2 protein chains.
Amino acid sequence: MLRGQGLATDHKTRGTTGRIPFAEQAYNALKQQILGNVLPAGSQFLEQEIAERLNMSRTPTREAMVRLANEGLVEVRPRHGMRVLPISPKDMAEIYDIITALEASAAGTLANLELDKQTLKPLIDAVEEMDRALESDDLQAWADADHEFHSQLVGLTGNRRLINLIATFHDQGQRVRMTTLHMRPRPDKSNEDHRAVVDAILANDAATARDIHRRHRETAGKVLIKLLHEHHLTHI
Amino acid sequence: MLRGQGLATDHKTRGTTGRIPFAEQAYNALKQQILGNVLPAGSQFLEQEIAERLNMSRTPTREAMVRLANEGLVEVRPRHGMRVLPISPKDMAEIYDIITALEASAAGTLANLELDKQTLKPLIDAVEEMDRALESDDLQAWADADHEFHSQLVGLTGNRRLINLIATFHDQGQRVRMTTLHMRPRPDKSNEDHRAVVDAILANDAATARDIHRRHRETAGKVLIKLLHEHHLTHI
DNA sequence: CCTCAAATTAACGTATACCTAAACTTATAC
DNA sequence: GTATAAGTTTAGGTATACGTTAATTTGAGG
């Protein structure tokens, strides 16, 4: 659940005591290590191994594994432990289809809200940051700003379920995007697209906002998947 | 998440032995009881109570609770056990926004696939079933056929993540739809819309398919939410 | 009667124990 | 040497035990 929904991404509100439950520590640690490719795609670990690695018993470990499985980051098979799921081009197509649909819709929603420039500042800032990053040929900074833009786009809708969903699928594609970051052509078109989406939102033109954003993501998805095929990256 | 994603809706493939793990039994039973309003919105249960109710220990019970929480059906608060989450009009708006975006996109996807009438038969059948149900004033049958239509629509895309997502959010809105089923005006327009979506898909007109479906769901969502406000149903 | 602190209770988070069955190893038959 | 069967190991599913801490109750002071 995906992150499923609900608490999956949210930091579970906990009492005034600062203590973080082991189950959540395990979840956070494993997730970070999966996204950071410390636990690479395809790698497997028995419950016991993970528990030892995290200095806790199998119980909270298991709970974390269940949550990660619901989010689609790992697979749990009896007697084989937890396996970090590799992402195939087909998976990436599924992920992009979903992100495309949700973000395009979000862009339309924002356009209908008649927001002022002040409220959209986070979006505008992100676009400018992307420009700067491109100028200085800092692809990592560009990727960060790109993520910031897409994250703010859905964040401004205020739809918590939507925000969590986008985060979940962003995470699923994380490794693939990182792997291919330096294989892509310079993403100048991306920056243009983002600016056009912001303009459409400011003009309260929902149809255009949706359309541009959809095409933007569709294209990005196609480029990425083509790249995967060209480089024979069938399972990342 | 979802169901988060992944295994959430899928029946976990299990060995040739027919035995179903307690954790999964618990998940299935609780989910069924929540959707069927046997465990009504707002009701709370301690881990121990659920465990006793299901004739098992707290361990598999907890695992089921975690999964249900990830899917957004319940909330788990230390010392208060599991609480079946009530759905507010705002929740319903979030849910409909997501379903609308995803299904409209699915309709567009299908239109681009150049499918023949044979492949779309499940969709066409569902529309006809809805007609029959309306003629015989059988609202429950209509709701079932309506669900079948929407389920087939995303099913035909073959996108497993998408299919799971739609199922998750369908579940989240289940109680609300059932509660309001007999408060709605006769859904004649719905059947028209569905037919138009099928036509657009057959005509390989993605933009129209997306548009009609989006408007269809938007309208349905607005009608539903208006109904909730009129009847002061703030938490179902 | 009300307020706040101390004492008590109990729900949960976690660790551990246990048993079953799948995976692996060894042995036996051909 | 291969195939099958018996024996062994071990991972995981579940139950249970235990300590911590939040919630509740009790009681003292006003």
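What's counted below: heavy atoms across the whole structure, side chains too, no hydrogens, waters or symmetry copies. Throughout, a chain's letter reflects where its sequence line sits, starting with A, and its residues are numbered from 1. The structure displayed is predicted, hence computed values, not measured ones.
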*Measure from CZ on F45(A) to P on dA11(D) and round the result to the nearest Å.*
15 Å
*Quickly work out the M82(A) CE to dA11(D) P distance and round it to whole Å.*
16 Å
*Among pairs that include at least one residue of residues 43-55 of chain A, which meet side chain to side chain donor-acceptor pair (under 3.5 Å), considering only residues two or more places apart or in two chains?*
Q33(A)-R53(A), E47(A)-R58(A), E47(A)-R62(A)
*Could you give the CD-to-C1' distance, from Q44(A) to dG12(D), as a whole number of Å?*
15 Å
*Under 3.5 Å, is there a donor-acceptor pair between the side chain of S105(B) and the main chain of A101(B)?*
no
Show each protein N/O and nucleotides 14-18 of chain D N/O combination with a separation under 3.5 Å, one pair to a line.
{"unit_1": "dT14(D)", "atom_1": "OP1", "unit_2": "R19(B)", "atom_2": "NH2", "d": "3.0"}
{"unit_1": "dT14(D)", "atom_1": "OP1", "unit_2": "F22(B)", "atom_2": "N", "d": "2.2"}
{"unit_1": "dT14(D)", "atom_1": "OP2", "unit_2": "A23(B)", "atom_2": "N", "d": "3.4"}
{"unit_1": "dA15(D)", "atom_1": "OP2", "unit_2": "S57(B)", "atom_2": "N", "d": "2.6"}
{"unit_1": "dA15(D)", "atom_1": "OP2", "unit_2": "S57(B)", "atom_2": "OG", "d": "2.5"}
{"unit_1": "dA15(D)", "atom_1": "O5'", "unit_2": "S57(B)", "atom_2": "OG", "d": "3.4"}
{"unit_1": "dA15(D)", "atom_1": "N7", "unit_2": "T59(B)", "atom_2": "OG1", "d": "2.8"}
{"unit_1": "dT16(D)", "atom_1": "O4", "unit_2": "T59(B)", "atom_2": "OG1", "d": "3.4"}

*Which pairs pass side chain to side chain donor-acceptor pair (under 3.5 Å) with one or both residues in residues 89-104 of chain A, sequence neighbours excluded?*
S88(A)-D91(A), D91(A)-R161(B), E94(A)-R161(B), E103(A)-H150(A), E103(A)-H213(A), E103(A)-R217(A)
*Take atom CG of L46(B) and atom P of dT9(C), then tell me their distance rounded to the nearest Å.*
18 Å
*State which residues pass ring pair (Phe, Tyr, Trp, His ring centres under 6.0 Å) with H231(B); sequence neighbours excluded, sorted by chain then number.*
none
*Rounded to whole angstroms, how far apart are CD on E47(B) and P on dA11(C)?*
10 Å
*If you find the nucleotide of DNA chain C closest to H80(B) and the one closest to H80(A), which residue's nucleotide is nearer the 5' end?*
H80(B)
*Whole-Å distance between dT14(C) P and Q48(A) CD?*
17 Å
_Partners passing side chain to side chain donor-acceptor pair (under 3.5 Å) against E218(B) (at least two apart in sequence or in another chain)_ = R214(B)
*Can you pull the salt bridge (Lys or Arg N to Asp or Glu O under 4.0 Å) pairs that have at least one residue in residues 140-158 of chain A, sequence neighbours excluded?*
none
